[in-house]
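Contents: one structure, followed by commentary.
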2 protein chains.
Amino acid sequence: MAHHDLNVVHQQCGDCPIRHRAVCARCESDELQRLEEIKYYRSFQAGQTVIWSGDRMDFVASVVTGIATLTQTMEDGRRQMVGLLLPSDFVGRPGRDKAAYDVTATTDLVMCCFRKKPFEEMMGSTPHIAQRLLEMTLDELDAAREWMLLLGRKTAREKIASLLAIIARRDASLKLKSQKSALVFDLPLTREEMADYLGLTLETVSRQISALKREGVIELQGKRHVTIPNLDRLMEEAGDDSDGGFLN
Amino acid sequence: MAHHDLNVVHQQCGDCPIRHRAVCARCESDELQRLEEIKYYRSFQAGQTVIWSGDRMDFVASVVTGIATLTQTMEDGRRQMVGLLLPSDFVGRPGRDKAAYDVTATTDLVMCCFRKKPFEEMMGSTPHIAQRLLEMTLDELDAAREWMLLLGRKTAREKIASLLAIIARRDASLKLKSQKSALVFDLPLTREEMADYLGLTLETVSRQISALKREGVIELQGKRHVTIPNLDRLMEEAGDDSDGGFLN
DNA sequence: CTGCGGTTTTGATCTGCATCAAGGCGCAAG
DNA sequence: CTTGCGCCTTGATGCAGATCAAAACCGCAG
């Protein structure tokens, strides 16, 4: 496994994250070539819908830059976000041809898409890809289940703290900054999107954020720019023993 | 794919469901042989814990008979069920050696286990297995996300109705009974377990079940035996457009 | 500068579910 | 038969978060 390590492979992979997810460039260069042939890029503006639940979906894709969300909606309009896609995350499922949720770009977004048919054929012939995808899907499943605990049992305050902790940690690991100094970031979501993610209303989100600010657990510059003076303190508020779910 | 069909293969597979999940007996008999060599059975009594979250887990397994639950627990004791394992469902994850949740037998339970190391090796050499496992994991992920909508946005009444509808449907498809007459079943969960699954308290579960009974949406014989006179009516109460989540 | 739409905050009130508490039912053991 | 123990139901009360309403903020186009 050693030289399948993501970071090592990354250097050779150029601009498309799926490659260092699905295959190793060093030992599978012919596969890489084939992936190259079936891939194409799509861009979306912030707010645009990538695909609606129930629509035909003839590709699988990974996020190159930007953020996308997966949401489910009831007929009366109640919404629940069920996933947050960050750069290098994967969408779509081999074996089904309808999208199961709405996929929306919350920021400007670039995705790297692969036509589904040939992608599936590749999976049949190259065990690496299915295995890597399985691993990723299991991670997502763990994250989803972590989120079920949050939705079912945590208080509003704990929910907010959990979300902030996850974003902070993901952000820190992404930037690979030297110190805890990395605990400064811009919220990639509006209050309403946070509410949809956490199973709350936007008013409750706003109030709880204000409360955390008032009590010094977080600091705010403007509406979106957050500083975490003490991550341990925040994690205490989150009531979380584990490693934070949506962290890869 | 035709002769990979689960029911067809089932006849040849004898007592262990993973075989017709992971491989096709007709075309992969040597793999079948290898699986045979690394498998063993374990039985548990109702209420027994199969494994605790965080424990070393050196096997993967599938349920042969009985029902098991996956639950997550916070330090202060709040519990959330994150999965329900029915016969033929799979637990465990290739690639991680710690259990991520508590696994508990809610009825008497028989599991078919495979030692993890050799199982993983097999996966590397036989694409079928990884692909089948990927498909199953994606189904579970969809189910988990469906559940997130329930936990985050549905009312207590809708939650109960959803759970009953899912059990009824799963049960009907399992029995393959001729008619809608199949909509009679015994609840496999206590009120408290339902509460843990739905993110409610057991009192609320009890009250909502009483209400549905009072209004004729369901009928009860004793505490556990349920009859659904009109599934469409129940599904309306569930506020559900989709196909019910935890249905395979 | 002004006005405007989208976002966020804050306040007042309402309500669904949790919490606390008591009692009932079925069953197994004494 | 009585006793005890799980499991379930029902009632009374409280509270976290939803809902309704208004105003402040912020960027931006005119």
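A note on names: the letters A, B, ... follow the listed sequences, proteins ahead of strands, and every chain is numbered from 1.
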Considering only heavy atoms and no angle criterion, is a donor-acceptor pair shorter than 3.5 Å present between the side chain of [X] and the base of [N]?
X      : N      : result
B:Q208 : C:dC17 : no
A:R214 : C:dT10 : no
B:E192 : D:dC8  : no
B:R207 : D:dG11 : yes

Can you check the [X] [atom1] to [N] [atom2] distance for me, whole Å?
X      : N      : atom1 : atom2 : answer
B:I160 : D:dC8  : CD1   : P     : 12 Å
A:I209 : C:dT8  : CD1   : P     : 9 Å
A:L189 : C:dT7  : CG    : P     : 13 Å
B:L200 : C:dG16 : CG    : C1'   : 11 Å
A:E158 : D:dA16 : CD    : P     : 12 Å
B:K213 : D:dT10 : NZ    : P     : 8 Å
B:L220 : C:dG26 : CG    : P     : 13 Å
B:L198 : C:dG16 : CG    : P     : 18 Å

Base, sugar-phosphate alone, or nothing: which one does [X] contact when heavy atoms must sit under 4.0 Å apart?
X      : result
A:G47  : nothing
B:T190 : sugar-phosphate
A:S210 : sugar-phosphate

Ring centres of A:W52 and A:Y101 under 6.0 Å apart? no
What do you reckon, is CD of B:E192 surrounded by more than 12 foreign heavy atoms closer than 6.0 Å? no
Counting only heavy atoms from other residues, nucleotides and ligands, does the tally under 6.0 Å from CD of B:Q45 exceed 12? no
Please check: side-chain N/O of B:S206 versus main-chain N/O of B:L202, any donor-acceptor pairing under 3.5 Å? no
Consider the side chain of [X], meaning its heavy atoms from C-beta on, and name the nucleotide among [options] that approaches it most closely.
X      : options                : value
B:T204 : D:dG17, C:dT10, C:dA18 : C:dA18
A:K223 : D:dC8, C:dT19, D:dC26  : D:dC26
A:T201 : C:dT9, C:dT19, D:dT19  : D:dT19

Quick check on DNA chain C: between A:M194 and A:R153, whose nearest nucleotide comes earlier from the 5' end? A:M194
By nearest-heavy-atom nucleotide on DNA chain C, the more 5' of A:L202 and B:R157 is A:L202
Pair A:Q80-A:T71, side-chain donor/acceptor within less than 3.5 Å: no
With distance as the sole criterion, is a donor-acceptor pair present between the side chains of B:T227 and B:Q221 under 3.5 Å? yes
With DNA chain D as reference, determine whether B:R191 or A:T155 sits nearer its 5' end, using the nearest nucleotide of each. B:R191
